[in-house]
Amino acid sequence: MEFVTLYSAAAIALILVGLAGVLIKRNLIKMALGFSLLGTGANILIVTLGYVRGATAPIVDSPALLEDAGSLVVKQGAVMDPVPQALVLTAIVIGVGVTGLMLATIVRLYANTKTLDVNALTRLKW
Amino acid sequence: MKPLFSLVMLALLATLSLRLAPLLQPGEELGQVAAHYASQGLVDNRGSNLVTSVVVNYRGFDTLGEVVVLFLSVTGIGFVLRRRQGLVLPAPVPASELVRTGSYLLLAPVLLFGAYIFIHGHLTPGGGFQGGAVVASAVLMMLLANRDRHLPHGLLSWIESLSGFAYVLVGFVGLFAAGSFLANRVPLGQWGDLFSAGLIPVIYVLIGLKVGTELSALLDQMTHSAEPEVKREGSR
Amino acid sequence: MILIDIFVGAIMLAAAAAAMWVRNLVSAVILVGVVSLAASFIFLRLGAPDVAMTEAAIGSALSTVIFLIVVRRTESHEKGPEVQR
Amino acid sequence: MQVLDVIGALLTLVGALFLFLAALGLVRMPDFYNRVQTGTKASTLGVILSLTGLGLHHPEWLPKIWLVALFVVITNPLSSHALARAVHRAGLPLAKGSIRDALRDEYGLESPALVESKVATDAETEA
Amino acid sequence: MQGGRIPRPADCAGTKVMSKKKSPLPRYLATTGLLWVMWVVLTASFAVQELAVGLLVAALAALFTWRSPRFGGSVLMMPKRFLYAMLYIPYLVKEIAKANVDVARRVLGKKLLIKPGIVKVRTRLKSPLGRLILANSITLTPGTLSVDMRDEDFFIHWINVESDDIQQASRKIVAGFEKYLEVIFG
């Protein structure tokens, strides 16, 4: 088995584990951790989609990757797909902001209700 | 009732992903757009790091939006955790003198390293987001070693808003020079030089400053804002 | 090399499952940090050094610290009988 | 060139051995403080040796690698100091058979929450 | 200029010995210089552009910490201190090597040869950076780990306590390093 396949399978498993945490756990911090795992799994999955066999990282620091010396055109299939990497790069940073917001809400909820149990927070239940 | 429902959903999702997994075939050749970015990125931007080209130039407008999202979430945290009036914070246990000395000793090198990462964003792996995170971790070190100190909020918010403003201004440079927002139409320089790739390093330095200050503000709010009166000691 | 890949993937999944399993929230947070660290190695293996750096700096450092601060401020132990599992 | 590679590989191997020793120490030692002891020393040397071995493979990286090693030498002992101090403040007792705890004798346990466990530490005279 | 900067090291606890009424400029320049050297090591390039940007960044980064406890500063300017600093490095390396042989012996031995305990030792060093290096050196050398410090007293976890007495323990643990550090940090 190729290692990319392995990693995409691991990423899907990680997404499922995180989702299980979010759905089953009742502790708010555990749910936040589950979200974090979910995000990590999704990020790995997206990056595996940009993998190109036999290519290097998308950093063109040697002329060997160029088509010919004068033109600055990079060879076909010499580098990985930069687009998923760019997306994941920003997604991680946004992820920490969102996690922070989630945790701030949890802290505030705890200060008001002294519990981390979602089932106890019935006021917002529909 | 609810757990059962969750389990059913999970099982459904698991089977679905098992069925869909064979469709994900990594390792094939690139799509048309990606192939253009990968092969022409160096011609268009002269920056070695193609990811940076995508983040800052091809998708520069998205990145502006993402920085704004980060800003909004930090503002939201500040709003949720705003200081309550008249609440006296209990004094935290001060860190050891050695740790304080160490944090002062390491602050400048770590800041320099963060700056190195975002200044060389177009040449080596790294860039504004990573450098910003490194800068924020330096700030975190200071916050944890000196719990009684607060960040200079005025200075931080000035840096933050000025760099955001400058980002938009640089975008307008592209609009006037080439007719599209954030277009990279200034002299590109020599491939591999520090001053190359046109506006990319400028924008990435601005992003680095902005992300660094935003993450620092986030950490500061998490460590310093009004604490609920729960048990202080004995919690691990 | 494939052995290392299997090892890292297994570590990552085991840490993730353990993070959802353990009752002590501090341990759970640290285990999620381990997942992030393994993820950053995986990004490096997949030829994405930029993403690996971001994940290492943000995923396993900053967000772990944020979680720890929150755990310190609330409770460090997950209560109650399990619903499932 | 070839010689440097061999030396580098050997250094990396020795470094890995020391890292293994650090891990083994974590398992074998009786209490937190002793574990940190062996862990810090062996892992610092292990990391430095492995990095230097890597540097001998790529001599142009050597300055950078030594910069990293310098950081490790500053931060590794410092962090174990911080850990040990925090743990002592939280009231974790020394292992049975310890000679004495001068810090506790002089300042007492800072954290009242864990005072009950103090009884376990009073294994004063056991050589 | 430094008005609203992050923390003001001048009132950092434990910074009892601040610089006397000297001009701060040499210290600032020394800090900048050290940071600049670090930049050059990082970039591994002597191109004019890199050097210029590095100088700028180093000068800016130095603004944050140049007043902190004895950072950089005077060590490089006095030949005697520099000489002792150079002598200190091989001494420390030797001690670290000894420490690791010691660790290997203890960990691999059939029976655990330990007699642990926390002892108190005393140091004469005043400078915060000197104390930091002393504590780090103690942690890295055979069988000792610095657990806490209050004023002059270090509390050392000793894996094989040889002496309970402050004087003797200080002589055994601290004196070797102090000899060098006292000269280096004055």
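In what follows, chains carry the letters A, B, and so on, assigned in the order in which the sequence lines appear, proteins first and then strands, with residues in each chain numbered from 1.
- Between B:E66 and A:V93 there is no side-chain heavy-atom pair separated by less than 4.5 Å.
- Contacts of B:V74 with chain A are absent, with no heavy-atom separation under 4.5 Å from either backbone or side chain.
- How far CG of A:L19 is from CE of B:M9: 8.0 Å, rounded to the nearest 0.5 Å.
- Interface remark: of the candidates A:V96, A:T105, A:L89, A:L89 forms the most heavy-atom pairs closer than 4.5 Å to chain B.
- In this structure, B:S17 and A:L16 approach most closely via the heavy-atom pair OG-CD1, 4.2 Å.
- Interface check for chain A: of the options B:V55, B:V54, B:N49, the most heavy-atom pairs under 4.5 Å are formed by B:N49.
- For a residue to count as touching a neighbouring chain, one of its non-hydrogen atoms must lie under 4.5 Å from one of that chain's; by this rule A:I92 does not touch chain B.
- Proximity to chain A (any heavy atom under 4.5 Å) is restricted, for B:L218, to the side chain, taken from C-beta onward.
- Per-residue heavy-atom pair counts under 4.5 Å with chain B were compared for A:P58, A:A9, A:A13, A:A91, and the maximum is reached by A:P58.
- The shortest distance between side-chain heavy atoms of B:L50 and A:M80 does not fall below 4.5 Å.
- When all heavy atoms of B:I77 and A:G100 are compared, the pair lying nearest together is CD1-C, 3.4 Å.
- Proximity to chain A is absent for every atom of B:L18, based on heavy atoms less than 4.5 angstrom apart.
- Closest approach of B:L70 to A:I94, counting heavy atoms only: N-CD1, 4.2 Å.
- A 4.5 Å side-chain heavy-atom check between A:I24 and B:L7 finds at least one atom pair inside the cut-off.
- Looking at A:T90 and B:D62, their side chains never come closer than 4.5 Å, going by heavy atoms from C-beta outward.
- Heavy-atom distances place no part of B:E214 under 4.5 Å from chain A, backbone and side chain included.
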